[in-house]
Amino acid sequence: MKERLIKLLEGSIDSCLEKGLLKETDIPFIEVEFPREGSHGDYASNVAMILASSQREAPRRIAERIVENINDSDQILDKIEIAGPGFINFFIKSNVWAVLLKKVDTLGDRYGESDIGKGIRVQVEFVSANPTGPLHIGHARGAVTGDVIASILQASGFSVSREYYINDAGNQMNLLGKSVYYRYLELMGEDISFPDNCYQGRYITELAHEIHDSFGDKFRSDKESAISFLTEYAADSILNGIKEDLETLGVIFDRYFSEKELYKNDGVTRILQDLQGKGFIYKEGNTLWFKTTDFGDEKDRVVVRDNGEPTYFAADIAYHRNKYSRGFDRVINVWGADHHGYISRMHAAVQALGRKREDLEIVLVQLVNLLRNGIPVPMSTRAGEFVTIREVTGEVGKDAARYNFLMRRSNSHLDFDLELAKTQSSENPVYYVQYAHARISSIMRLAAEQGCRAPCYDEIRPDLLTAPEERELIKLIDTFPEMIEGSAKALEPHRIPYYINDLASVFHSFYNKHKVVSDNSELTKARLFLIKSTGTVIRNALRLLGVSAPERM
RNA sequence: GCGCCCAUGGCUCAGCUGGAUAGAGCGUCGGACUACGAAUCCGAAGGUCGAAGGUUCGAAUCCUUCUGGGCGUACCA
């Protein structure tokens, strides 16, 4: 509907220009929006006010001319008013609304999709926690956010790949191996003092047990080779656990990319040489520095330490070059907010690689406070005190967990209350939306029992759907595709929960006021069609969120 | 110290990239089931949008300063 009104306005402005009623100036993008106030019409535009400054004329006078020149050939407008400082308010004829539902019917499951992505290849990298311990609640939020961003982009016509970068090289991993080794020695009855900087979590001890059970004291003597084996063993095992945890959340990756792969054939050092050749790297003693300040970073960064080992940053440069060389035109990284200090150096790296700064987009996801009944649950990864994803999904369920993560803008902090998330009451917004869907299914079942199957658009009389609640529903349903589009452009998943919450709310109001199945068969058919369309939109939206749309609950 | 993020009814948060009288949910108070599912609906109270300036027809939204909170500021990842 918006597009139709925008076309009308464009047409009018064009003919105003022809007739010399408007000066040839920059014509702004025309915006049409929902007025808050019902008396301001169904839609409103502020073009006249925007044009006012460049035309050097009063907005209301411009508006008058635009309104006079609107050619409503399809007869969709009931009336047009000029109001306030120069708003143009549109009132749509009540019988044209239901026409909007036709496309829901023809598109079905695909209603809401678009092709704004034009097949552009985009990679979304998220979670990417190093396999030194189980995922915690903060990772879960990042996982779900990244997953849904990917889904939204997919629905918008991008060709999307979900990727997890495994930091399985470097001294954190070494530390992991050592941690297991010491616990292993303890099991053999050796009296060792467990180092402070090692991982304290119980899972380390469990791994040590596992190894002791299957290998006995095999690794007791040769410390070096033992640690290297244990590192790999532990990383594998932990990574598998991570994958399983992610699966319980409904997050599936297209690819797990190992950092180790970057070091094959001296990959990392070759890239550093390239960059050195381009003059982005200088040497100071044994250390190599990357001149990230050339690109606006606040200080230069080390890429090779004086002991000759490359830093994590060095590998990350190589990784990002690898991404672009695989043909991704857009690269999106979803990071925990604690990594924000990393952004400017990564942008510098991307530019040094000959890419534009915008070729790397970073979505920051703020940290999560885990609560139980409003009381913070203490968390410390190092000390091994945390609630894992599996415990969370096990306790509150996948749907509630995902929905709770998605309700907030990723940029704001999130309180995740375990008790609240699992209460099956009105305090929990997931059920509100799911209930609407279940209710719709239930009505359709009832109608089917009475021999009235859900009709298609061509079988109904759309002009019967004129009640205010019906019109509100249709309006909202009509907005769904543009909402998805906006959410894709802004990389903001939270718009979807807000939208379906609204939709469910309008539906519930409608339901309480009007009977769908009645003895008026024409009206019954029209309303069945309306709620079928509503159900389709809820289902499509929930599918994007990775949340189920139950038919009963 | 410096950098990034946040600040909106009692609580948790939206506010569509500058629009008309700032919106939801929870909580509080008052109503609605012999009607398709009451996990629902209807109504009410509750706000100088952290503070002060500035930009313009118009600011919760943009710019500056300040206050308060989170995070970061490694040759860790």
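Note that the structure is a prediction, hence the values are computed from the model and not measured. In what follows, chains carry the letters A, B, and so on, assigned in the order in which the sequence lines appear, proteins first and then strands, with residues in each chain numbered from 1.
- For C63(B) and G70(B), the P atoms lie 25 Å apart once the distance is rounded to whole Å.
- The side-chain ring of F87(A) is stacked on the base of A20(B), judged by centre separation under 5.5 angstrom and plane angle under 30 degrees.
- Within the structure, a side-chain polar atom (N or O) of S509(A) is placed less than 4.0 Å from OP1 or OP2 of C42(B).
- Here H494(A) reaches the OP1 or OP2 of G15(B): one of its side-chain N or O atoms lies under 4.0 Å away.
- One finds no side-chain N or O of R445(A) lying less than 4.0 angstrom from the OP1 or OP2 phosphate oxygen of G37(B).
- Y498(A) OH to R409(A) CZ: the interatomic distance, rounded to the nearest 0.5 Å, is 9.5 Å.
- Of the charged side-chain nitrogens involved, none lies within less than 4.0 Å of a carboxylate oxygen, so that R471(A) and E469(A) do not count as a salt-bridged pair.
- Here K2(A) does not pair with E33(A) in a salt bridge; the nearest charged N to carboxylate O distance is not below 4.0 Å.
- In terms of phosphate contacts, R409(A) brings a side-chain nitrogen or oxygen within less than 4.0 Å of OP1 or OP2 of A14(B).
- Backbone-only contact: N167(A) has heavy atoms under 4.0 Å from sugar-phosphate atoms and none from a base.
- Across A20(B), A77(B), C16(B), the shortest atom-to-atom separation from the side chain of N89(A) is found for A20(B).
- A sub-4.0 Å separation between OP1 or OP2 of A38(B) and a side-chain N or O of Y511(A) is present.
- Nearest heavy-atom pair, M173(A) versus D168(A), reported as atom, atom and distance to 0.1 Å: CG-C, 3.4 Å.
- When the C1' atom is used for both A20(B) and A60(B), the distance is 15 Å, rounded to whole Å.
- Counting distance only, with no hydrogens placed and no angle test, the side-chain atoms of D502(A) and the base atoms of A14(B) include no donor-acceptor pair under 3.5 Å.
- The glycosidic torsion of C63(B) lies more than 90° away from 0, placing the base in the anti range.
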Distances under 3.5 Å between nitrogen or oxygen atoms of protein and nucleotides 59-63 of chain B:
none

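- Taking the C1' atoms as reference points, C49(B) lies 23 Å from A44(B), given to the whole Å.
- Applying the 90° criterion around 0 to the glycosidic angle, U40(B) comes out anti.
- As the counterpart of A7(B), U67(B) is assigned, both hydrogen-bonding distances of the Watson-Crick or G-U wobble pattern falling under 3.5 Å.
- Side-chain proximity of I50(A) to the nucleotides A77(B), G37(B), G19(B) is greatest for G19(B).
- Figure legend. C62(B) is base-paired to G54(B); pairs are counted as Watson-Crick or G-U wobble with both atom distances under 3.5 Å.
- Figure legend: K291(A) and F280(A) shown without cation-pi pairing, the cationic atom not lying both under 6.0 angstrom from the six-membered ring centre and within 45 degrees of its axis.
- No N or O donor and acceptor, one from the side chain of D338(A) and one from the base of G72(B), sit under 3.5 Å apart.
- In terms of phosphate contacts, Y432(A) brings no side-chain nitrogen or oxygen within less than 4.0 Å of OP1 or OP2 of C26(B).
- Closest to the side chain of S412(A), from the set G19(B), C13(B), A77(B), is C13(B).
- Judged by the 6.0 Å distance and 45° axis criteria, R439(A) is positioned over the aromatic ring of Y511(A).
- In a base pair of the Watson-Crick type (N1 to N3 plus N6-O4 or O6-N4) or a G-U wobble (N1-O2 and O6-N3), with each distance short of 3.5 Å, C16(B) is matched with no nucleotide.
- Across all strands shown, G1(B) forms a Watson-Crick or G-U wobble pair with U73(B), both key distances being under 3.5 Å.
- Taking atom CG on L530(A) and atom P on C36(B), their separation rounds to 19 Å, with Å as the unit.
- Comparing A77(B), G72(B), A74(B) by their nearest atom to the side chain of N130(A) picks out A77(B).
- Using a distance-only test at 3.5 Å, with no hydrogens or angles considered, a donor-acceptor pair links the side chain of S518(A) to the main chain of N520(A).
- Judged by distance alone with a 3.5 Å cut-off, a donor-acceptor contact links the side chain of H340(A) to the base of G3(B).
- Judged by distance alone, with hydrogens and angles left aside, the side-chain atoms of D417(A) form a donor-acceptor pair with the main-chain N or O of L420(A) at under 3.5 Å.
- Salt bridge E492(A)/R495(A): present, at least one basic N to carboxylate O contact under 4.0 Å.
- Across G23(B) and A35(B), the matching P atoms stand 35 Å from one another, rounded to whole Å.
- Remark: U34(B) base-pairs with no nucleotide in the shown strands. Criterion, Watson-Crick or G-U wobble with two distances under 3.5 Å.
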